[in-house]
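Letters A, B, ... are given to chains in the order of the sequence lines, protein chains preceding strands, and every chain is numbered from 1. All figures in this text were calculated on a predicted structure; none of them were measured in a lab.
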Amino acid sequence: MNPTTDRRKMARKPLLPRPLLYAIELALFGFIAYNSLYIRKLSDIKAAGTAAAGAFQAPQYARSFWTSKLLPAAPGMATDLGTLLISLKTDKDKAFAAHSHAMGIGNIRYFLIKGEGTVTATSDNDVTVTLPTGEPIHLATEFVFGNAARDASGLINITEFDNTTDLNNVSAELNDIIRKQVIPGLKASAKPGTKLSFIGALELNQAHLHTNDLTVIPIRTAL
Amino acid sequence: MPLTLQPYRPALVKFQSLIALFVLCLGISLLSDKFLTGANFWNVMRQISVNVCISTGMTLVVLTAGIDLSVGSVLALSGAITAGLLRNGIQLPDANLYIGFTVLGAMLAGITTGSALGWFNGWAITRFRLPPFVATLAMLTIARGLTMLWTEGFPITGLGESFTYLGTGWFLGIPVPVWLSVIIVAVAVLVTNKTRLGRYIYAIGGSESAARLSGVNVERIKIIVYTIAGALAAVGGLLVTSRLDSAQPNAGTSYELDSIAAVVIGGTSLSGGRGSILGTVQGAVIIGVLNNGLVLLNVSPFWQQVVKGFVILLAVIIDKSNSKSE
């Protein structure tokens with residue numbers, strides 16, 4: 001027998017018999033798989049309302065905020081738009097301090113406002129309402145985005161959130177609710193000449209204030 | 001007798017990264033009193049950990065005379081896969097089944113994803129003889145697109161404390177990411193210095209044809225190296241995702257440049273066959289300290305990029321100069 005070949009054969013001999021090696025590998029794989037996955041009924045998970053225990057659920061939070069806090073409180077909290085416009089023109093800083101809210105620092109601040117007027121025009125993007133003072137404002141029906149709906153009331157406290165992403169997700173969900181629950185009704189009923197009352201969220205820049213052609217995110221509208 | 005540095009040249013070349021790091025630390029500490037503080041030290045170490053993970057894999061690739069431009073995108077996809085599975089699991093409405101993932105399962109899935117993408121890089125490079133630059137550039141785009149598809153362009157958040165411990169936790173007074181990167185570096189040093197795979201990697205980078213003639217299965221080694229690079233990019237992705245408690249669709253953008261910079265500054269030759277893992281660690285620390293110093297000194301982010309670019313350029317020029325003198 002060739003001694004070199006013999007040595008190689010010896011060197012390649014596994015430490016454990018192959019079946020035992022496979023059994024160990026299988027057991028290890030099974031152990032990892034058992035500790036990696038779990039299987040549940042999807043209906044149970046959905047019923048529990050959470051797919052990941054402990055995780056923040058923006059849709060649930062937004063729905064609860066919308067129905068339990070914002071809608072009930074809005075009529076009492078909202079500032080009359082006509083009055084606000086006069087205040088902004090006479091003492092801007094005082095008006096911002098008294099009526100606006102914002103979570104972050106900066107010049108962008110939000111107002112929860114209410115008003116009524118006559119629908120004077122409708123388009124794909126908005127419904128134009130002319131206030132009794134003669135000033136036109138636009139109720140957005142297409143581009144509903146940003147943090148106005150979340151921040152305008154000042155009812156959400158930033159300390160409730162672990163991170164800014166959760167906070168931003170709440171804005172996105174609230175805007176989604178507005179798109180689905182408020183806009184369709186507004187678009188269907190708003191015809192030129194009809195009288196309309198509304199509650200909405202308004203974004204204004206304190207440093208560069210423009211009060212012409214205001215666009216309001218509608219929260220509640222009624223004919 | 002005139003004073004000359006010539007006798008000290010070998011030592012200067014050998015320790016050039018450490019000397020550069022020392023000068024950098026000295027300069028920043030003189031300009032900012034916040035630099036030499038415990039909190040800032042651990043902050044820098046935590047930030048560096050991600051780049052160390054990616055750069056370790058990149059070093060192996062560069063040692064074979066290759067390059068991997070896809071690590072940033074692979075990092076993002078792996079992090080997103082991990083976060084997505086952890087947060088939402090896999091839902092099979094037709095079968096009314098929900099397959100949930102534990103932290104271990106989601107992390108394994110993320111690392112498997114990175115490894116698979118790395119394997120694909122290696123396979124494409126060896127099977128179709130594509131230049132690594134082109135193949136991994138394609139993967140950069142593919143992985144980024146897949147990340148956008150998986151996340152639908154939105155961050156995946158709320159991953160739970162047991163997962164965020166990986167990126168934010170402490171163990172024995174040292175941040176967990178630092179432990180992880182130390183372990184990865186130790187294993188990589190062992191592999192490159194003490195194993196057959198390590199010798200083959202250097203041999204392929206030195207001369208691919210000579211390695212092939214010597215019986216080295218060049219294609220197999222390259223695929224292994226790119227797979228490791230993908231896996232380590234995925235580990236970097238887990239760290240980033242865990243630290244932020246959020247998988248961002250645009251995570252890891254331009255990380256490949258920081259990684260290549262760390263490798264080059266650490267003395268690894270872009271033409272392969274020469275360099276070390278420990279050199280790369282020094283390079284990553286230099287990049288990390290430079291980033292931190294520029295922030296502490298209130299340098300504009302735009303100027304930061306300019307400065308980093310010049311540092312990389314300088315490192316390559318010094319590397320070329322050393323190669324010529326050798």
Does atom [atom1] of [X] have more than 12 heavy-atom neighbours from other groups under 6.0 Å away?
| X | atom1 | value |
| --- | --- | --- |
| B/Arg46 | CZ | yes |
| B/Phe171 | CZ | no |
| B/Glu161 | CD | no |
| A/Asn157 | CG | yes |
| B/Glu152 | CD | no |

Selection residues 232-252 of chain B - residue pairs positive for ring-ring contact (aromatic ring centres under 6.0 Å, His included), sequence neighbours left out: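 Not a single pair qualifies under ring-ring contact (aromatic ring centres under 6.0 Å, His included).
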For chain A, which residues of residues 211-243 of chain B have heavy atoms nearer than 4.5 angstrom: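 Listed by number, there are no contacting residues, so the answer is none.
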Using non-hydrogen atoms and a limit below 4.5 Å, what part of residues 73-83 of chain B faces chain A?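 Expected list: none.
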Interchain contact, A/Asn168 with chain B, by part (heavy-atom threshold 4.5 Å):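 The answer is neither part of A/Asn168.
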For the residue pair A/Ser43 and B/Asn96, what are the closest heavy atoms and their distance?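 So the two residues come closest at N-OD1, 2.9 Å.
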Locate the shortest heavy-atom distance separating B/Gly105 from A/Ser36; write the atom from each residue and the value.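 Shortest heavy-atom separation between B/Gly105 and A/Ser36 comes out as CA-CB, 3.3 Å.
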Compile the donor-acceptor pairs under 3.5 Å between side chains in residues 107-120 of chain B and protein atoms, sequence neighbours left out, one pair per line.
from     : atom 1 : to       : atom 2 : distance (Å)
B/Thr112 : OG1    : B/Leu108 : O      : 2.6
B/Thr113 : OG1    : B/Ala109 : O      : 2.7
B/Ser115 : OG     : B/Ile111 : O      : 2.8

Using only heavy-atom distances, determine whether the side chains of A/Asn35 and B/Thr102 contain a donor-acceptor pair under 3.5 Å.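 No, no side-chain donor-acceptor contact under 3.5 Å.
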Which atoms of B/Leu85 approach chain A - backbone, side chain, both or neither, heavy atom under 4.5 Å: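 B/Leu85 has no heavy atom closer than 4.5 Å to chain A.
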Atom pair [atom1]/[atom2] of [X] and [Y] - distance to nearest 0.5 Å:
| X | Y | atom1 | atom2 | value |
| --- | --- | --- | --- | --- |
| A/Leu42 | B/Asp94 | CG | CG | 10.0 Å |
| A/Asn169 | B/Phe154 | CG | CZ | 8.5 Å |
| B/Asp245 | A/Asp166 | CG | CG | 7.5 Å |

What verdict does the side chain to side chain contact (heavy atoms under 4.5 Å, CB included) test give for B/Phe101 and A/Tyr38, after you've listed the backbone C-alpha separation in whole Å, the side-chain angles of each residue and the deciding distance to 0.1 Å? CA-CA 6 Å; B/Phe101 283 75; A/Tyr38 57 92; 5.8 Å; no
Looking at B/Val103, B/Leu244, B/Leu97, which one has more heavy-atom pairs under 4.5 Å with chain A than the rest?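 Of the options given, most contacts go to B/Leu97.
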